[in-house]
Amino acid sequence: MIRKKIDWLTTILPLVTIVILSTIFLASPKTSNDALSKVRFFFGDTFGAYYLVIGIIFFTASLVLIFSKYGDIVLGSPNEKPAYSFFSWGSMMFTCGLAADILFYSFSEWIMYGSNDYIKSLGSIQEWSGVFPIFHWSFIPWSFYLVLAVSFGFMLHVRKRNRKKFSEACRPLLGKYSDGIPGKIIDLLSVFALLAGTATTFSVATPLIAEIVSSIFNISLSRTSITIIILIITCAIYTYALIHGFKGINILAKACIYMFFGLILYVLLFAGSTKYIIDTGLESLGRTVQNFISLSTHTDPLRQNNFPQDWTIYYWAYWMVWCVAAPFFIGNISKGRTIREVVIGGYIFGVGSTIVSFIVLGNYSLGMQVNGIKDFIGMYESGDDLYKIIISIIETMPNSDILFLVILFTMIAFYATSFDSIAYTAACYSYYQLSEEEHPHFTIQLLWCILLIVLPIALVFSQSSLNNLQSVSIIAAFPIGLIMFLIVISFFKDAKEYIEANKNRSMRNES
C-alpha cells in the first residue's frame, strides 16, 4: 500500500511549518517582513564569505570533472547511449533550471545595478552594468547545478540507489547515519530549501505576468488576481504533468526554448539595436572573464557599499536552494552521458543560453539609456517598480502587442517545466524508496503542488519587497551549502572507488 511507502515525517512536518509561516505572513506582514530583513542581514553580513567560498569550491570541482579521469564515467552502463538527444536534453535542463524569473531579470537587472553607487565607483554604466548580470547567472551558479547533477546521476544510474534524497547522496561519507537522525535532518533541510526557492521564484516573477496581462487586456490586476494567476498556472502545470509525465515535460521544454530564442532573435534583429547589443555584450563578457577571480572573492570587508551582501551572496544562495530540485532532474535525464558531457554540455547550453538572454534583452534597454532615448534608471530611482518599467521597455519594441503574448506564453512554459521538476523531486522525498523506473503516485504529487504554492501566495499577499524575497533564499541556503559540500565529497569518494574497482576488474580479465 502507498501509505506504507510514504515518509510521513518528511511530508507532514514541512506542510505544518509552511502553513504556520504563511499564516504569520498573512496575519502580520510588516512584522514578518522586518524579521526577515534582520535575519537576512545576519546571515549575509556575518557569513557572507561562506557563500562565496562554496561558489569557488563548486566551480573548481566542475573543472576537475572536465579535465580528470572522473569525466570518463558514464552515468549508466559503460556502453549505454543517452536517453535524449542533445537538444531535448539541453532544453529540459535549461528550462527546469531557470524559471520565468530569467526573463524578469534579463530585462531589468542592469537597471538595479545602474543606480548602484558601487557600480558607479567602478566606472561608467556602459562599462559595468552589463557585467554583473553575466557573472551572477553564468559559471559559478551553473556549477552548483552541474556538479550536483553528476553526483545524483552517478547515484541513480551507476550505483542504482533507490532513495532519491539528499541524504542518500551523502551515504558514501555518512554510511549508516544516512538512515538515522543526521539523514533525516538533511532531508528536512532540503525540503525547506526547496520550498524557499520556489517561494522566491514565484513571488518575484508572477507580478510581471500580471502586468503583461494587464497591458494586453487593458485592465488593472490586484494582488488577489495575481494569486489567482498563480493558482491557474499551478493547476494547469499539474494536470499536464499528471497526463504526460516526462514526455510532456520534453514537449513543453522544446516549446519554451523555441519561444525563448524566437523572442531573443526578434529583439536582436528587428528592434533596431543589433550593432550596439553585440558590441556591448562582447565587451561585458570579456570584462567578466578578465575580472572573474576578483568578482568571485569580493567581500567588501569595510562594508563601504554592501554590494556583495546585497547581490552576489543573494544569487549564490538563490541558486543553492534551487539545487534541491534542478540537479536531481538534470541527473535523472542525463542517463547514458559521460560526466564530462554533462558538465561541458551544461555550460554550453545552460550558461550559453543564459548569457545570450542577458546580453540581448538587457543591452536593448541599456542602449536606450546611455543614448538618452529613455531614462529607465530615473524611473526606478523615482519609485516606479521594475514590472512597470519592463512593460515600458517592451512597449518601445516593434509589434509590442505580439511580443507581450510571446513573453507571456514563454513565462508560463518556463513555469511549467521548472515546476514539474520541482514537484516531481519533492514528491520523491515523500517516499522511503523509489526504484529507478518507479514514479511518485499522482496524489503525492498533487499534495506537493499545493504545498509548493502556499508560501508564494502568502509572500505576495504580504507585499514582500524584492529584498525580503531574497532573504528567504539566503536564510534557507545557509545549511544547504554544508550539505552540498558533503555530497561533493561523497561523490568523489564513491567515484574513486568505482574507478579503482573497474580497473582491478580489467586487470583480472587481462590476466
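Nothing fancy with the numbering, it's 1 onward along the sequence. What you are looking at is a predicted structure, and each value in this text was computed from that prediction instead of being measured.
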Exercise for review: Indicate yes or no for a side-chain donor-acceptor contact from Ser392 to the backbone of Ile389 under 3.5 Å, with no hydrogens or angles considered.
Suggested key: yes
Point to revise | Ile134 and Leu285, any side-chain heavy atoms less than 4.5 Å apart | key: yes
Check your understanding: When the ring planes of Tyr105 and Trp137 are compared, do they come out parallel, tilted or perpendicular, using 30° and 60° as the limits?
Key -> tilted
Point to revise | Pair Tyr258-Phe87, ring pair (Phe, Tyr, Trp, His ring centres under 6.0 Å): steps then yes or no | key: CA-CA 11 Å; Tyr258 286 133; Phe87 180 74; 5.7 Å; yes
Check your understanding: Side chain of Glu168, backbone of Arg163: donor and acceptor closer than 3.5 Å?
Key -> no
Check your understanding: Between Phe358 and Trp110, is the ring centre distance below 6.0 Å?
Key -> no
Check your understanding: What do the steps show when you test Ile359 against Ser284 for side-chain contact (heavy atoms from CB on, under 4.5 Å), and what is the final call?
Key -> CA-CA 8 Å; Ile359 285 176; Ser284 296; 5.9 Å; no
Check your understanding: Side-chain contact, heavy-atom cut-off 4.5 Å: Asp401 with Ile216?
Key -> no
Exercise for review: Hey, could you give me the CE/CG distance between Met112 and Leu386, rounded to the nearest 0.5 Å?
Suggested key: 5.0 Å
Check your understanding: When rounded to the nearest 0.5 angstrom, what is the spacing between CG in Leu486 and SG in Cys170?
Key -> 5.0 Å
**Study point:** 4.5 Å side-chain heavy-atom contact, Leu148 and Phe58
**Key:** yes
Review point. Under 6.0 Å between ring centres, would you say that holds for Tyr113 and Phe307?
Key: yes
Revision key, fill the gap. Between Ser296 and Ile140, the two heavy atoms sitting closest are OG-CD1, 3.5 Å
Review point. Is the side chain of Ser294 donor-acceptor paired with the backbone N or O of Asn291 at a distance under 3.5 Å, no angle test?
Key: yes
Check your understanding: Can you find a heavy atom in the side chain of Ser334 that is under 4.5 Å from one in the side chain of Trp89?
Key -> yes
Exercise for review: Take the angle between the ring planes of His136 and Trp316 and call it parallel below 30°, perpendicular above 60°, tilted in between.
Suggested key: perpendicular
Study note, to complete from the structure: Closest non-hydrogen atoms of Leu263 and Ile407, given as atom of the first, atom of the second and distance, are CD2-CG1, 3.8 Å
**Study point:** Side-chain (Arg161) to main-chain (Leu156) donor-acceptor, under 3.5 angstrom
**Key:** no
Exercise for review: Could you please spell out the steps behind the ring pair (Phe, Tyr, Trp, His ring centres under 6.0 Å) verdict for Tyr498 and Phe154?
Suggested key: CA-CA 10 Å; Tyr498 173 78; Phe154 185 83; 5.5 Å; yes
Practice item. Indicate the ring-plane relationship of Phe139 and Phe59, choosing parallel, tilted or perpendicular according to the 30° and 60° boundaries. Key: perpendicular
Check your understanding: Less than 6.0 Å separating the ring centroids of Phe328 and Trp322?
Key -> no
Check your understanding: So Phe94 and Phe260, would you call those rings parallel, tilted or perpendicular, with 30° and 60° as cut-offs?
Key -> tilted
**Study point:** side-chain contact (heavy atoms from CB on, under 4.5 Å) between Phe492 and Val64, worked out
**Key:** CA-CA 10 Å; Phe492 278 108; Val64 171; 4.1 Å; yes
Exercise for review: Grab the two heavy atoms, one from Phe478 and one from Tyr50, that are nearest each other, plus how far apart they are.
Suggested key: O-OH, 2.6 Å
Review point. Is there a donor-acceptor pair under 3.5 Å between the side chain of Glu341 and the backbone N or O of Thr338?
Key: yes
Check your understanding: Between the side chain of Tyr387 and the main-chain N/O of Ala210, is any donor-acceptor distance below 3.5 Å?
Key -> no
Exercise for review: May I ask you to decide if Thr396's main-chain N or O and Ser400's side chain share a donor-acceptor pair within less than 3.5 Å?
Suggested key: no
Practice item. Flag yes if more than 12 heavy atoms outside Phe485 fall under 6.0 Å of its CZ atom; otherwise flag no. Key: no
Exercise for review: Classify the ring geometry between Phe132 and Trp128 as parallel (under 30°), tilted (30 to 60°) or perpendicular (over 60°).
Suggested key: tilted
Check your understanding: Can you tell if the side chain of Met92 reaches within under 4.5 Å of the side chain of Phe329, non-hydrogen atoms only?
Key -> yes
Point to revise | CD on Glu80 to CZ on Arg337, rounded to 0.5 Å | key: 11.5 Å
Review point. Between CG of Asp72 and CZ of Arg340, what distance do you get to the nearest 0.5 Å?
Key: 4.5 Å
Point to revise | Distance, nearest 0.5 Å, that separates CD1 of Ile73 from OG of Ser68 | key: 8.0 Å
**Study point:** Backbone of Ile333 reached by a side-chain donor or acceptor of His157 within 3.5 Å
**Key:** no
Review point. Just by modelled atom types, is the Ile257 backbone N or O under 3.5 Å from a matching donor or acceptor in the Ser91 side chain?
Key: no
Study note, to complete from the structure: In Tyr145, Tyr347, Trp142, the residue satisfying side chain to side chain donor-acceptor pair (under 3.5 Å) with Ser62 is Tyr347
Exercise for review: Taking the side chain as every heavy atom from C-beta outward, state whether Asp187 and Lys165 have any pair of such atoms under 4.5 Å apart.
Suggested key: yes
Practice item. Measure from the side-chain N and O atoms of Asp385 to the backbone N and O of Lys388, and report whether any donor-acceptor pair falls under 3.5 Å. Key: yes
Practice item. Name the orientation class of the two ring planes belonging to Tyr314 and Trp311 (parallel below 30°, tilted from 30 to 60°, perpendicular beyond 60°). Key: perpendicular
Point to revise | Check against side-chain contact (heavy atoms from CB on, under 4.5 Å), Tyr51 and Thr312 | key: CA-CA 9 Å; Tyr51 297 89; Thr312 306; over 6 Å; no
Review point. Are any non-hydrogen side-chain atoms of Met484 and Cys323 less than 4.5 angstrom apart?
Key: yes
**Study point:** Centroid-centroid under 6.0 Å between Tyr380 and Phe376 rings
**Key:** no
Practice item. Supply the atom-to-atom distance Ile390 CD1 to Ser215 OG, rounded to the nearest 0.5 angstrom. Key: 11.0 Å
**Study point:** Any Thr354 side-chain heavy atom under 4.5 Å of Ser357 side chain
**Key:** no
**Study point:** Non-hydrogen atoms of Ile480 and Ser190 that approach each other most closely
**Key:** CD1-CA, 3.7 Å
Review point. Looking at Ile119 and Ser129, what are the two nearest heavy atoms and their distance?
Key: CG2-N, 4.2 Å
